[in-house]
Amino acid sequence: MAVERTLSIIKPGAVAKNLIGKIITRFEEEGLRIIAARMVHLTPEQAGAFYEVHRERPFYAELVKYMTESPIITLVLEGENAIARNRQLMGATDPSKALPGTIRGDFAVSVTRNTVHGSDAPETAATEIAFFFSQADLISAR
Ligand code: UDP
Ligand code: MG
């Protein structure tokens, strides 16, 4: 196993419902380290670019609308096998399939309004981290 970095986003609905602390606690209790954090209110252009891979999907417009409705928290998590561990903490994309005890299982309201984003592979993690953060923003030497 390798030390990895992954992008996490606490999505608008969860920020609006004051769930930032509860969600960050899950990452910290799992032993993932937060090495960068910033609140952002995405423009439609930014949200559309972030989810470019889904542009042709039927849910794209709804997803972009959701991601721009209010601020998000962007985080970089670091740790051994961080990408898969974060995806485990998140639970399934569709909250009706997410297990209790996962972030989506406990907090998500629908497949679109599903609380968190997490990178799914090393290549996407690198691209997604660079979308929001410069190298100088990543503070892992502690
Ligand atoms: N999404 C949606 N409807 C769908 C599938 C996905 O609104 O039928 C949204 C949902 O917010 C999801 C995001 O699009 O988190 C990205 O989809 P992906 O399949 O990459 O899921 P994830 O990696 O977030 O679990
Ligand atoms: Mg995905």
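Every heavy atom of this structure was used, including side-chain atoms; hydrogens, water molecules and symmetry mates were not. Remember, it's 1-based here, ligands and their atoms both numbered in the order they're listed.
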In the protein, what heavy atom is nearest to [atom], and what distance, to one decimal place, separates them?
{"atom": "atom 5 (C) of ligand 1", "answer": "Phe59 CE2, 3.5 Å"}
{"atom": "atom 13 (C) of ligand 1", "answer": "Leu63 CD2, 3.9 Å"}
{"atom": "atom 22 (P) of ligand 1", "answer": "Thr93 OG1, 3.5 Å"}
{"atom": "atom 16 (C) of ligand 1", "answer": "His54 NE2, 3.5 Å"}

Does His117, backbone or side chain, put an N or O under 3.5 Å from an N or O of ligand 1?
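Between His117 and ligand 1 (N or O atoms, distance only) the closest approach is not under 3.5 Å.
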
Answer yes or no: does an N/O atom from Thr112 fall short of 3.5 Å to an N/O atom of ligand 1?
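Yes, at least one N or O pair falls under 3.5 Å.
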
Is Lys11 in contact with ligand 1, taking contact as a heavy-atom separation below 4.0 Å?
yes

At less than 4.0 angstrom from any non-hydrogen atom of Arg87, what atoms of ligand 1 do you find?
22 (P), 23 (O), 25 (O)

Region of [X] engaging ligand 1 - heavy atom pairs below 4.0 Å:
{"X": "Val111", "result": "both"}
{"X": "Asn114", "result": "side chain"}
{"X": "Glu62", "result": "neither"}
{"X": "Arg104", "result": "side chain"}

Check this for me: does any side-chain nitrogen of one of [X] and [Y] sit under 4.0 Å from a carboxylate oxygen of the other?
{"X": "Arg33", "Y": "Glu78", "value": "no"}
{"X": "Arg38", "Y": "Asp137", "value": "yes"}
{"X": "Lys65", "Y": "Glu62", "value": "no"}

How close do His117 and Met90 get, counting heavy atoms only, and between which atoms?
C-CE, 3.7 Å

Could you pull out the closest heavy-atom pair between Leu138 and Arg5, with the gap in Å?
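Between these two residues, the closest heavy atoms are CD1-NH1, 3.5 Å.
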
What is the distance from atom CD1 of Ile72 to atom CD1 of Ile9, rounded to the nearest 0.5 Å?
4.5 Å

Around atom CD of Gln88, are there more than 12 heavy atoms from other residues, nucleotides or ligands closer than 6.0 Å?
no

Ring-plane angle category for Phe50 and Phe132, please: parallel below 30°, perpendicular beyond 60°, tilted otherwise.
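Judged by the thresholds at 30° and 60°, the geometry between Phe50 and Phe132 is tilted.
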
